[in-house]
Amino acid sequence: MGQIPEELHTLDPAQQNAVTRPAEHVLVLAGAGSGKTRVLTHRVAWLIACEGVDPEAILAVTFTNKAAREMRDRLSLLLAPAAVNSRWGVWLGTFHAVAHRLLRQHAAEAGLIPSFQILDSQDQLALIKRLLRRYNIDEGEVAPRELMAFINSHKDKGERVDRFEPIGARQAQLAELWRAYEAQCAQEGVVDFSELLLRVLELLETNPDLRLRYRSRFAHLLVDEFQDTNPLQYRLLKQLALDPESGESGAWLFCVGDDDQSIYSFRGALPAVLAYFQREFRATLVRLERNYRSAGNILAAANSIIAHNRDRIGKALWTERGEGEPIRVFMADDEMGEARFVASSISALIEEGIPAKEIAILYRTNALSRAFEHQLLALGIPYRVYGGLRFFERAEVKHALAYLRLLLFPEDEGALLRVINVPARGIGSKTIEALLKAREPGESWESVAMRLGGRGGVAVRQFAEQIRTMRAETASLPLPDAIAWVIEKSGLAASYAQGEEEGGQKEREERLENLEALVAAGHDFVAEMAREGISLAGHEMISLFLQHAALESGEHQGIEEHRAVRLMTVHAAKGLEFDTVFLVGLEEGLFPHENALESAFRTVTPDAIEEERRLMYVGVTRAKRQLFLTWAASRRLHGGVRYHAPSRFIQEIPEELLRWLSPRPTQRGKEFSRGAPMAAAEGAIASSPLYLWRPGMRVRHSKFGEGVIVRVAGAGAQTEATVRFAPPVGEKRLLVALAKMTPLSDG
DNA sequence: CGCCTATCCTTTTTT
DNA sequence: AGGATAGGCG
């Protein structure tokens, strides 16, 4: 611990200033690559080593599990391990993990049963679908996702349904469903992600004793990625913070963030909190603008892209590094060509001695990873895909977890419906319907099952019996044994093990491996709990494990692969850095994503494109030495072929920073079109004999008149266009090879 | 009544 | 491409 003051000399003056601020509220505006995590970890170390602050009086919150882990690792290098990892150490975790820990300790005061379970987004959506079905509301009338977004967006602002005042019939209907949703959650003893935070907020607001207790416990509260804070989280921070007005005891806030890297507004984040916070808490502002990560050209490109955003506090990153390599730009004919280029470039880089783990392929959406995986595999380059289907979200893992839930909570309808016929045991929709219908209020389904007649009655009774037996058998088993037991006795293992058809042979093996990995995760969890001083067996431990699984949805599988190229979304890459970055799929409609674009049929808030731009900025600033930008003129996606123009973001980089590795997208112009996709690529035209059909294009049909192409799917003679015509006609799907249709304009 | 197959429909990012 | 659902067969 004595090394801290010495360590401080390795910080630059701005970083040192931030780290050693006296007891006051601080806002650190930290540009990309400016040593944000260093400042945070050193601040914690400085508080403990130099200011004599008790580690227990420090709370540090992050947004992702990955960031929490990173901070924990880096803190352990500065402090004695016990100060970080044990229950006497610094509190460190995601907002949700911290909230969960608090709720576990105060479940009763928060109005929750001790074994409350956490709904992940999948579970939440499933519950909402069940709800809509029960109310006989057609999914066309209220889309489950819409209702989910409605509920979450209000809860993320800290709103409750009883205080919500709907405007108009539509909102009234949604609010009614919201109310029903809350009732259902209460009945099942489950809470969603927002609810975790909301309960803690209300706990602190309404319970003065508890508020006082935690306010005096935490002297310092550090927040990472502060720009991602939503109003609910901000209010939570305020409850724990020292209020400059009242002077009541509370924590000093040390918030680190970058408004240019705010990429979670879809989750309710409000980058304006940076300004709010500074004003409301009279926080000292410290700017970190010196970038230690990227070569000059990369930084210049990033600065120039982000300068196109209007809504920002504004800062300019600088570096003392040289310009470095130019930014390479490559246009491929299609996604396989793009992937081939990337994979062969990576192969060359590895030859040159760049470690594979220092190379990353970043994309906007997970769906883009396939082609790259394919080509990397073909060249024998080791790779690891992050994100995508997370471990705890795999169907087979969910099934196993649902069995566990059913053992503990017979009333858990979601779990029941998930596994009642998995593996198939002759219980179909009719039987399930009868089962639910025959149920008296307050009666358990297991007792209903006992008196259910009809064809499915026997099967249901057997199932109920099976669950009851497993419940007794697992009552005192250690966690991993209990998991293994349930996987075996439920028949899940057998159903994946037997190989009648060869079609899914590999898939079944994978599923079996995942089930084994779940047992391993149980072992890990027991060890982790032991470190926190918790040692339980049987159902209590299962309950904790289930909560953990919902909260930490991914990354539990596999050991960190140290010699592999990394593939991930730009979102997942935030906070990371790599020697070489391939930013791929840079096409209008993909990146920026089409959902953020204005179109003839959709109006989008102007903020949406700015958020896409910030995302691009995050992607670009991940690169230390070398940056590649690639896109494909045509791309097989969602079962059809789509043609995209290159992303506007490429154009926002000054020409002199770029080096083209492929012919420029147009012969004549220097400009390629903004906004709407265009026939940029010669290769794209070849796929259609006469015209290049693309979404957004206006057309005239001999019978239906004028219309606009909504989408194009299929290939060759099967190429099919969905065209929206004026009202009486509406949308039509037409085979472009046959339809009497001519293009009108390029939009 | 349950199971299998054909067709339709959606498709961002994360706790 | 993949999941969800509707319709037909055993």
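Protein chains get the first letters and strands the later ones, always in sequence-line order, with residue 1 at the start of each.
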Quiz item: Out of dT14(B), dC3(B), dT13(B), which nucleotide sits closest to the side chain of Thr365(A)?
Solution: dT13(B)

Quiz item: Does a distance-only test, which skips hydrogens and angles, find a donor-acceptor pair under 3.5 Å between the side chain of Ser121(A) and the base of dT15(B)?
Solution: yes

Self-check item: Between dT13(B) (C1') and Glu611(A) (CD): distance, integer Å
Solution: 8 Å

Practice problem: Return no unless some side-chain N or O of Asn230(A) is found under 4.0 Å from OP1 or OP2 of dT15(B). | Solution: no

Quiz item: Run the salt bridge (charged side-chain N to carboxylate O under 4.0 Å, His left out) check on Arg199(A) and Glu202(A) step by step: do they pass?
Solution: CA-CA 5 Å; Arg199(A) 291 271 174 164; Glu202(A) 288 166 350; 5.3 Å; no

Practice problem: Could you tell me whether the side chain of Trp91(A) reaches within less than 4.5 Å of the side chain of Val61(A), counting heavy atoms only? | Solution: no

Quiz item: What is the nucleic acid contact for Phe95(A), judged by heavy atoms within less than 4.0 Å: base, sugar-phosphate only, or nothing?
Solution: nothing

Exercise. Identify which nucleotide among dT14(B), dC3(B), dG2(B) has an atom closest to any side-chain atom of Phe266(A), counting heavy atoms from C-beta outward.
Key: dT14(B)

Quiz item: Across the strands shown, which category fits Asp120(A) at heavy-atom distances under 4.0 angstrom: base, sugar-phosphate, nothing?
Solution: nothing

Quiz prompt | Residues Arg614(A), Asp259(A): salt bridge by 4.0 Å N-O rule | solution = no

Quiz item: Looking at His644(A), Glu338(A), Glu335(A), which one forms a side chain to side chain donor-acceptor pair (under 3.5 Å) with Arg635(A)?
Solution: Glu338(A)

Exercise. Between His593(A) and Asn421(A), name the one whose nearest nucleotide on DNA chain B is closer to the 5' end.
Key: Asn421(A)

Self-check item: Nearest-angstrom distance from the residue atom CD1 of Ile427(A) to C1' of dC3(B)
Solution: 14 Å

Self-check item: Length of the CZ-P vector between Arg370(A) and dA1(C), whole Å
Solution: 8 Å

Quiz item: Would a 4.5 Å heavy-atom cut-off, applied to side chains only, mark Arg425(A) and Gln462(A) as touching?
Solution: no

Quiz item: Which residues pass the ring pair (Phe, Tyr, Trp, His ring centres under 6.0 Å) test with Tyr363(A), sequence neighbours left out?
Solution: none

Quiz item: Is any side-chain nitrogen or oxygen of Arg145(A) closer than 4.0 Å to OP1 or OP2 of dT10(B)?
Solution: no

Self-check item: Whole-Å distance separating the CG atom of Leu125(A) from the P atom of dG3(C)
Solution: 15 Å

Practice problem: Compare side-chain N and O positions of Arg642(A) against OP1 and OP2 of dT11(B) and report whether any pair is under 4.0 Å apart. | Solution: no

Practice problem: Look at Asn366(A) and dT13(B) and indicate whether a side-chain polar atom (N or O) is within less than 4.0 Å of OP1 or OP2. | Solution: yes

Exercise. Compare the aromatic ring of Tyr264(A) with the six-membered base ring of dT14(B) and state whether they stack according to the 5.5 Å and 30° rule.
Key: no

Quiz prompt | Phosphate-side-chain proximity, Thr62(A) and dT15(B), N/O vs OP1/OP2 below 4.0 Å | solution = no

Quiz item: What's the CG-P distance between Asn152(A) and dT13(B), to the nearest Å?
Solution: 16 Å

Exercise. Give Arg133(A) one of three labels, base, sugar-phosphate or nothing, depending on what nucleic acid heavy atoms sit under 4.0 Å from its own.
Key: sugar-phosphate

Quiz item: To the nearest Å, how far apart are Glu225(A) CD and dT13(B) C1'?
Solution: 14 Å

Quiz prompt | Whole-Å gap separating P (dT15(B)) and CG (Leu103(A)) | solution = 19 Å

Quiz item: His96(A) side chain: which of dT14(B), dC3(B), dT15(B) is closest?
Solution: dT15(B)

Practice problem: Rounded off to whole Å, could you give me the CG-to-P distance for the Asp228(A) and dT13(B) pair? | Solution: 16 Å

